[in-house]
S.K.: 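Please see the structure below; I have some questions.
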Amino acid sequence: MAPIKLIVAGPRGRMGSEALRMIEKEEGFHLVACIDRKHDGYAVKDIETLPSFEALIYEDAEACLSTVEADVLIDLTTPEFCYKHTKLALEHNVRPVIGTTGFTQDQLDELTELAESKGLGAVIAPNFAVGAVLMMQFAKWAAKYFPDVEIIERHHDQKRDAPSGTAVKTAQLIQDVRNPHKQGHEEEKETVEGARGADIDGMKIHSVRLPGYVAHQEVVFGGMSQSLTIKHDSVHRESFMSGVKLAAEQVMKLDLLVYGLENLME
């Protein structure tokens, strides 16, 4: 079987460079290009700290997708660029694998419609760590029996969106099995605005942003005389790569957009 031909956006970023190292180890993958804000026309191997790939770097995403024959675009950058790149990829018959958060529902609807009209697979995942996906699924199961729940997510201080996409996705999964209701004392009042966090159907979400973190989440349930905490920690960005690999392989078999890695896991 021929290797899957990949383009990676943001190769100098912490996630993008980790994706390159993953591709370097996989015989079934072949890097054909990168999209970056700098170094147009350079080979990846010419950039210090990056793996020794001959693939060229393009500053113009449309020029890259128009010129290079590719199967899959991996983009683990920011919502602003991911939306643009996802749309361009689909328009050029390249399957996108997207690992950022912050898409609006209108954007997701538009990309879903475009993927279906083209008959192309696409994967957008709030979190590519398999353990984080399991944590979300376990939380949904637990919420059937513990409807009082709060989510605490901790990330590095360079993360732009809050709450995280993983926290929002977790809350959405819990919404499927939990009736909306206000938690805490009925006369509860914040003496400092925001002290109780964001609110989704009465669930509270708390975001922490500090140096030293990568990606961490706790889903805390409270019941009569007991509590339950489901926790996941990513201590290195390598933890996301098994999910990226799975998505890049599975997207070749899809003809529609899939949101969430759990939909690719048995």
Side-chain angles (χ1 to χ4, degrees), residues 1-86 88-90 92 94-101 121-133 155-156 158-160 165 214-215 234-252 261 264:
M1 184 180 294
I4 297 171
K5 297 184 289 292
L6 300 167
I7 297 172
V8 172
R12 293 179 297 113
R14 286 172 290 189
M15 288 288 283
S17 60
E18 200 62 49
L20 292 184
R21 285 187 280 273
M22 179 271 290
I23 294 168
E24 188 177 32
K25 299 173 185 176
E26 295 296 329
E27 292 184 2
F29 290 161
H30 175 54
L31 184 74
V32 293
C34 285
I35 299 170
D36 195 9
R37 293 181 293 108
K38 298 180 179 180
H39 307 300
D40 190 55
Y42 281 64
V44 173
K45 68 178 184 179
D46 296 331
I47 309 302
E48 189 177 358
T49 75
L50 294 186
S52 185
F53 286 112
E54 298 286 346
L56 295 181
I57 296 171
Y58 292 77
E59 291 182 16
D60 187 321
E62 186 161 14
C64 177
L65 290 160
S66 300
T67 304
V68 178
E69 183 180 342
D71 299 310
V72 175
L73 167 70
I74 295 176
D75 193 329
L76 311 172
T77 58
T78 65
E80 175 189 0
F81 290 106
C82 279
Y83 167 69
K84 174 186 174 183
H85 292 165
T86 302
L88 281 173
L90 289 169
H92 288 84
V94 176
R95 294 166 170 82
V97 169
I98 307 301
T100 191
T101 58
V123 176
I124 298 176
N127 198 315
F128 275 115
V130 172
V133 174
H155 283 78
H156 56 88
Q158 298 304 301
K159 185 171 178 58
R160 298 184 184 184
V214 177
S234 284
V235 297
H236 191 280
R237 287 169 179 81
E238 183 182 20
S239 64
F240 304 110
M241 292 305 116
S242 59
V244 173
K245 176 179 180 292
L246 174 66
E249 292 169 340
Q250 293 299 313
V251 75
M252 297 296 294
L261 189 66
L264 303 180

S.K.: Looking only at heavy atoms, which two atoms of Gly16 and Val8 are closest? And how far apart?
M.R.: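 Smallest interatomic distance, heavy atoms only, reads O-CG1, 4.1 Å.
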S.K.: Roughly how far, to the nearest 0.5 Å, is the CG atom of Leu88 from the CG atom of Asp75?
M.R.: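 Spacing of CG (Asp75) from CG (Leu88) equals 10.5 Å.
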S.K.: Please lay out, stage by stage, how Leu73 and Ile35 fare under the test side-chain contact (heavy atoms from CB on, under 4.5 Å).
M.R.: CA-CA 10 Å; Leu73 167 70; Ile35 299 170; 4.2 Å; yes
S.K.: If you define the side chain from C-beta out and look only at heavy atoms, does anything of Val244 sit under 4.5 Å from Met22?
M.R.: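 With C-beta onward as the side chain, the pair touches.
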S.K.: Would you indicate whether Glu238, at its atom CD, is surrounded by more than 12 heavy atoms from other residues, nucleotides or ligands within a distance under 6.0 Å?
M.R.: no
S.K.: First locate atom CD1 of Ile23, then atom CG of Leu6, and finally report the distance between them rounded to the nearest 0.5 Å.
M.R.: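 It is 4.5 Å, given to the nearest 0.5 Å.
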S.K.: Determine whether a donor-acceptor pair (N or O, by modelled atom type, separation under 3.5 Å) exists between the side chain of His156 and the backbone of Gln158.
M.R.: yes
S.K.: Specify the closest pair of heavy atoms between Phe128 and Ala247, including all atoms of both residues, with the distance to one decimal.
M.R.: CE2-CB, 3.6 Å
S.K.: Would His236 and Val214 count as a side-chain contact (heavy atoms from CB on, under 4.5 Å) here? Give the steps.
M.R.: CA-CA 7 Å; His236 191 280; Val214 177; 5.9 Å; no
S.K.: Show the nearest heavy-atom pair for residues Met241 and Arg237, with the distance to one decimal.
M.R.: CE-O, 3.8 Å
S.K.: If you round to the nearest 0.5 Å, how far is CD of Glu54 from CG of Asp46?
M.R.: 8.5 Å
S.K.: Return the NE2 to CD distance between His92 and Glu69, rounded to the nearest 0.5 Å.
M.R.: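 Taking NE2 in His92 and CD in Glu69, the distance rounds to 14.0 Å.
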S.K.: Restricting to non-hydrogen atoms, name the atom on Val32 and the atom on Ala70 that form the minimum distance, rounded to 0.1 Å.
M.R.: CG2-CB, 3.9 Å
S.K.: Going by the side-chain hydrogen bond (donor to acceptor under 3.5 Å, both in side chains) test, which pairs reach into residues 4-21, not counting sequence neighbours?
M.R.: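 For residues 4-21: Arg12-Asp36, Ser17-Arg21, Glu18-Arg21.
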S.K.: Keeping Asp71 on the side-chain end and Ile4 on the backbone end, is there a donor-acceptor pair under 3.5 Å?
M.R.: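 Absent.
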S.K.: The test is side-chain contact (heavy atoms from CB on, under 4.5 Å); show your working for Leu76 and Phe240 and say whether it passes.
M.R.: CA-CA 10 Å; Leu76 311 172; Phe240 304 110; over 6 Å; no
S.K.: If you take all heavy atoms of Val130 and Ser242, which pair is closest and at what distance?
M.R.: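 The answer is CG2-OG, 3.7 Å.
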S.K.: Work out which heavy atom in Ala122 is nearest to a heavy atom in Leu90; give both atom names and the distance.
M.R.: CB-CD2, 4.5 Å
S.K.: Kindly determine whether Leu50 and Cys34 satisfy side-chain contact (heavy atoms from CB on, under 4.5 Å), including the steps that lead there.
M.R.: CA-CA 12 Å; Leu50 294 186; Cys34 285; over 6 Å; no
S.K.: How many angstroms lie between OG in Ser66 and OH in Tyr58, if you round to the nearest 0.5 Å?
M.R.: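 If I round to the nearest 0.5 Å, the distance is 10.0 Å.
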S.K.: Between Glu249 and Phe29, is any pair of side-chain heavy atoms under 4.5 Å apart?
M.R.: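 Yes, close enough: below the 4.5 Å cut-off.
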S.K.: Nearest 0.5 Å, what's the CD1-CG distance between Ile7 and Leu65?
M.R.: 4.5 Å
